[in-house]
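Comments concern the structure below.
Note that the structure is a prediction, hence the values are computed from the model and not measured.
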Amino acid sequence: MYKLPLIALFITIISGSCIERTNQSSHNIQSNSSINSINQERLLEKAEKRGFERGKIEHALYDRWSEFGNKEYYTYIKTLNSGMKLYRIDTPEILMEVYVLNDIISIQSSSLMTGEETDEIFSEMDAWLKSCNPLSSKRKNEKDKNGNSIVTIEYTFPEYNAVLVNRGTAIQYMLSINDEPDTYYYTDSQPATEQNSDKLEKQFTNKYFSLRYPSSWQIVQEENKVTQNTAISLQVMEIRKNEDDFLTNINIIVSSKKSEMPTSELAKIASGDLKKCGNSYGHIYIKNNIELGNAKGSVLEYTFSIDGFSLVGEQYILKSADNTVYIITATSDKKTRTKKSKTIQSILNSLIIK
């Protein structure tokens, strides 16, 4: 009968003590937070003087290597077992490397020779990368085979990852669009992924064209008129495996009207129409004089956002000998584009326009 008041009194005493300690702890946290903010700002200012722009990361990820303007400065080194090609710029103070898979720049890495300033520059670059608002960051400390300390910080951004490594007398800085950012950088032996090993077991054919696709894909729309000017439409898409991923797909539209207009002009019109639709449309490039499926034309590459996904579209605008217009659009998620690109290209290469 007397236990309850005693327990209540005990809790009151403990609670009062905790309140006092909590107030003191809160004051300490606020003080530490203010100090950290001052240090962060100081490091950012120093980083900016070195050329690291606050809140901004410049990179060439997702660019086509064949269209990359500075590739003449790079030397081809080797092709990894994964099929990824390594190109390098080697200067006395910096080593820059680019990894290219299926003509897409997938990884870019820089090693800076920093000498005695390594720790200071590492802290400044960390402050700079954090100013770019990563979704998360993770720090780990380890030692190499010689017992030297190595500090690695991994940053996750919506569309790519960054890695910063303190190697004592040098700093390695790397960006990657892969789900596992250092997979290709630290090993030359990578088995082919399931996506890359897809075989095109299935086939669709009609009087206009034929197309092959893997068993992991399916036809979701067939011979459906999208507009009055459309003779036929086909959409082939990955089979859903979960509720979270964007389903890579290829859509083919055949116009019922013939056009004398060059495909280069049709591509410009298509780019303008897409821009009017909004959805964060970003024009990458238009390439003319391409050939696909026995027809010649142009390809428009662009980015856009929808339903929380950042996507890349490749729209081929082709004309057959009788000026029939074919529009083939491949759409994929930026984050998984590299992994899916080989399957996409295999399907597109199987296209035969009759």
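- Heavy-atom contacts from other residues, nucleotides or ligands closer than 6.0 Å to CD of E58 number 12 or fewer.
- Here R337 does not pair with E159 in a salt bridge; the nearest charged N to carboxylate O distance is not below 4.0 Å.
- Scanning all heavy atoms of the two residues, the minimum distance from K319 to S259 falls at NZ-O, 2.9 Å.
- The shortest non-hydrogen separation linking L247 to N249 is O-ND2, 3.1 Å.
- Here the closest heavy-atom approach between residue E301 and residue E314 is recorded as OE1-OE2, 3.8 Å.
- Closest of all the heavy-atom pairs between L300 and A267 is CD2-O, 4.0 Å.
- Across T248, D103, N102, a single residue satisfies side-chain contact (heavy atoms from CB on, under 4.5 Å) together with S341, and that is N102.
- Annotation: cation-pi pair K334/Y62 present, NZ/CZ under 6.0 Å from the ring centroid and within 45° of its normal.
- In this structure a side-chain-to-backbone donor-acceptor pair under 3.5 Å is missing from R64 to S66.
- Partner T152 forms a side-chain contact (heavy atoms from CB on, under 4.5 Å) with one of R139, R167, E142 and no other, that one being E142.
- Under a hydrophobic-cluster definition in which Ile, Leu, Val, Met, Phe, Trp and Tyr are linked whenever side-chain heavy atoms come within less than 4.5 Å, directly or via other members, V312 and I107 are assigned to different clusters.
- Follow the hydrophobic side-chain contacts under 4.5 Å out from I89 and you reach I94 in the same cluster.
- Taking the six-membered ring where the residue is Trp, Y74 and W65 present perpendicular rings, their angle passing 60° and hence far from 30°.
- Aromatic ring orientation, Y302 versus Y281: tilted (interplanar angle from 30° to 60°).
- F209 and F204 have tilted rings, their planes meeting at an angle from 30° to 60° on a 0 to 90° scale.
- Note on D126 versus K130: salt bridge recorded, some NZ/NE/NH1/NH2 to OD/OE distance being below 4.0 Å.
- With contacts defined as side-chain heavy-atom distances shorter than 4.5 Å, the pair L348/I328 qualifies.
- Looking at every heavy atom in both residues, S233 comes nearest to I253 through OG-CG1, 4.1 Å.
- Tested against N349 for a side-chain contact (heavy atoms from CB on, under 4.5 Å), the candidates L292, I344, L200 yield a single pass: L292.
- The side-chain heavy atoms of M84 and T79, taken from C-beta on, include no pair separated by under 4.5 Å.
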